[in-house]
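See below for the structure under consideration.
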Amino acid sequence: MSASRPRTRRVARRRAAMRRLASPGRVRAAVAAWRRASLRVAFVPTMGAIHEGHLSLVRRARAGADRVVASIFVNPLQFGPREDLARYPRPVGRDRALLAAAGVDLLWEPRPADVYPPDHRTRVTVEGLSGVLEGAARPGHFTGVSTVVAILLGVVAPDELWLGQKDAQQALVLERMVRDLRLPVRVRRAPTVREPDGLAMSSRNAYLSPAERAQAVALWRGLAAARAALAGGERSAARVERAVRAVWRRFPLVRGEYVAVVDAATLEPLRDLRRGGIHPGRGRRVLVAVAARVGPARLIDNLEWSRR
Ligand code: PAF
């Protein structure tokens, strides 16, 4: 018998046996038992509507840990009053099947009162990083994100927290929260997963009609134009921004919101991208972040580039 077969069977058995829990106490106890057995635990928080981007997080988490916990919780606190909380997709059965097949050991599906009991009073805000870009367009959004992730981490207490680069600002805010609150968890970022034409995978892509879906590729095409400009030696942030907007003009269903050329570690706007330019003290990594509306969907994407 080949040496790999028993392991394959073990993995298959474990995948088939994904546990689903709602109660925070039972999640805490299950993870604590694994940690007592010296098993390494990774955590992938989601709002469901699972797509390949989430599954790549699970697979990466799986590769570096003995057990993977995922959560599905559509967090009301991170939606503004006129946003899409009510119609956010909730394909629960499909989500469970996909997460189980990708190797999740424990799926936590808290009820709203498990996360926010009626007497809940605490909010977590990462100052400075939460009010710009997405935070300026969606006031209170990142307070909702950091509050819920602090609560989820408090219950799961994993060794690793996995986040996607598609939401680069969210990852930065949460990395900073973990650092500032001395939370004993390592934050890991996974690259953006894209459709074959370059569109970043997102649960909100489900809102797009076929015509809108075809034009949503404008976000990535704009970023590709920014990357080409940077590779060609362009070092003016304003001209990089103009390169993105010039692409967007070819897509009439796309209503651009912002193109931001910022320091990837601080989100401070940059003007001169030369290494020794007018921001010599700033970090080497530059983030080009974009947001646009395409029909009913508000989409974001980004590109990281290193100054040499
Ligand atoms: O990225 C998301 O899906 C959410 O913002 C998160 C991190 C699960 C918190 O609700």
Side-chain angles (χ1 to χ4, degrees), residues 24 27 42-58 60-61 68-80 83-92 94-96 98-99 102 104 106-116 120 122-126 129-130 133-135 137-156 158 160-178 181 183 185-193 200-207 289 291 297-302:
V27 171
F43 177 45
V44 181
T46 82
M47 297 205 302
I50 297 299
H51 52 66
E52 196 49 44
H54 299 112
L55 298 177
S56 91
L57 293 177
V58 170
R60 283 169 190 271
V68 178
V69 180
S71 61
I72 296 181
F73 180 64
V74 184
N75 173 34
L77 206 57
Q78 69 189 74
F79 289 80
E83 292 186 9
D84 54 345
L85 174 62
R87 70 191 165 108
Y88 198 83
R90 291 165 171 86
V92 180
R94 182 177 173 277
D95 285 354
R96 289 173 182 159
L98 287 171
L99 292 171
V104 169
L106 169 54
L107 175 59
W108 183 22
E109 300 174 306
R111 296 154 297 216
D114 294 322
V115 178
Y116 303 118
H120 176 91
T122 302
R123 296 286 180 271
V124 179
T125 299
V126 178
L129 298 177
S130 297
L133 305 179
E134 281 306 277
R138 305 180 64 190
H141 169 69
F142 285 114
T143 293
V145 171
S146 24
T147 300
V148 78
V149 174
I151 294 167
L152 299 176
L153 287 175
V155 172
V156 178
E160 290 187 352
L161 167 68
W162 278 86
L163 301 167
Q165 173 66 20
K166 206 273 270 164
D167 297 301
Q169 185 177 7
Q170 168 172 281
L172 187 66
V173 164
L174 294 174
E175 282 161 359
R176 192 57 190 235
M177 176 189 82
V178 161
L181 299 181
L183 301 180
V185 61
R186 181 169 176 217
V187 183
R188 308 287 307 271
R189 281 197 205 195
T192 304
V193 179
M201 298 235 178
S202 163
S203 305
R204 291 188 166 98
N205 293 349
Y207 299 151
R298 188 169 177 286
L299 303 178
I300 58 171
D301 200 351
N302 67 80

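All ligand and atom numbering here is 1-based and tracks the order in the structure. Computed from a predicted model, the values in this text were never measured in an experiment.
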Apply ring-ring contact (aromatic ring centres under 6.0 Å, His included) to His141 and list each qualifying residue two or more places apart in sequence or on a separate chain. none
Of all the non-hydrogen atoms in the protein, which one sits nearest to atom 2 (C) of ligand 1, and at what distance? Gln170 NE2, 3.9 Å
For atom 9 (C) of ligand 1, the closest protein heavy atom turns out to be Gln78 OE1, 3.4 Å
Backbone N/O of Ala200 and side chain of Thr192: donor-acceptor pair under 3.5 Å: no
Region of Thr46 engaging ligand 1 - heavy atom pairs below 4.0 Å: backbone
With sequence neighbours left out, what residues match Arg298 under side chain to side chain donor-acceptor pair (under 3.5 Å)? Glu134, Glu257
Go through the steps for Val149 and Leu153 under the test side chain to side chain contact (heavy atoms under 4.5 Å, CB included), then give the verdict. CA-CA 6 Å; Val149 174; Leu153 287 175; 3.9 Å; yes
Where ligand 1 meets Val148 - atom numbers and elements under 4.0 angstrom, heavy-atom basis: 9 (C), 10 (O)
